[in-house]
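Order of listing sets the numbers, starting from 1, for every ligand and every atom in it.
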Amino acid sequence: MRYDTNRMEKNNLLALVTGASRGIGRAIVLELAKNNYDVAINYNRSEENARKLQEEAKTYGVKAEIFRADVSDYEQVVKLFADVKSTMGAPVSVLVNNAGITRDTLLMRMKPEDWHAVINTNLNAAFFCTREAIRDMAKARYGRIINIASVVGLTGNAGQANYSASKAGIIGLTKSTAREYAERGITANAIAPGFIATDMTEILKPEVKDGILHTIPVKRMGQPEDVANAVIFFAKDTSSYITGQVLAVDGGMTMC
Ligand code: NAP
């Protein structure tokens, strides 16, 4: 929350969360709303879910609006940021690059379109959104960019060459953004979730899930709220001295 020094009115900061209709993005929106951020909810296909989330976020007394955009498409991202600013009457102060997909298969079987789809949605979209957000953040000399990576961006994973590369890329993007904009009051950090219970992991076979659970010291899957809590930590004013970091939210799975 900020005070407009000319009018001495309290203004909530505005947070934009990409891919927020379900799963981790949904939990992030609710946690931001609980913490008095106005929220711009981006979705691509799940409009009904996005509308329900909008209503739920509003119960916390903040502004909440939904915005359809395929964030892997640069033109749509440009329009998204223009729409968010005009509808919400404020620029984005907190950007959470969360939209992500998987197209898992072994390298030899991975089609170029599987590669491109994952890189476009998971990595290019984060660059597009960061590029569109950064001008206003630099002008305000304040910003928080939080990128949702993955532990496989640190470790690699068989069957996920495209996804692991996109998440390793997002870590590089995070660190470069952090270095370029540290002096302007903008921090950029990444969160690397481990094995979180959402639609993305629901599709895994039971034996695959059991195999992963054995590698997690806390012996449970993470919940979307576990990731959302880490987002709030980075979003806060009090985290201004933390930038370019990668925080694993993985029940101790990686510890690297
Ligand atoms: P999910 O349940 O499958 O939800 C994915 C979200 O991304 C949906 O809201 C979807 O929106 C949105 N999305 C996909 N393509 C989009 C596009 N082109 N433009 C805009 N939105 C798009 O996934 P999740 O598990 O919550 O994952 C969220 C993030 O966490 C992803 O970046 C993922 O890689 C990362 N992550 C997840 C896990 C895990 O275990 N679940 C682990 C590590 C990292 P629509 O339905 O509206 O299309």
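Annotation: ring-ring contact (aromatic ring centres under 6.0 Å, His included) contacts of Tyr60 (sequence neighbours excluded): none.
Looking at Lys52 and Glu48, a side-chain N of the basic residue comes within less than 4.0 Å of a carboxylate O on the acidic one, giving a salt bridge. A salt bridge is defined here as a Lys NZ or Arg NE, NH1 or NH2 lying under 4.0 Å from an Asp or Glu carboxylate O, and Glu47 with Arg51 meets this definition.
The 4.0 Å heavy-atom shell around ligand 1 contains residues Gly19, Ala20, Ser21, Arg22, Gly23, Ile24, Asn42, Tyr43, Asn44, Arg45, Ser46, Ala69, Asp70, Val71, Asn98, Ala99, Gly100, Ile101, Thr121, Ile148, Ala149, Ser150, Tyr163, Lys167, Pro193, Gly194, Phe195, Ile196, Thr198, Asp199, Met200, Thr201, ordered by chain and number.
With Met110 as reference, Thr105 is the one residue of Val118, Thr105, Asp104 to meet the side chain to side chain contact (heavy atoms under 4.5 Å, CB included) rule. Considering Ile186, Thr187, Leu13 in turn, Leu13 is the only one that fulfils the side chain to side chain contact (heavy atoms under 4.5 Å, CB included) rule with Tyr142.
Listed here is the closest heavy atom pair of Arg68 and Asn42: C-ND2, 4.2 Å.
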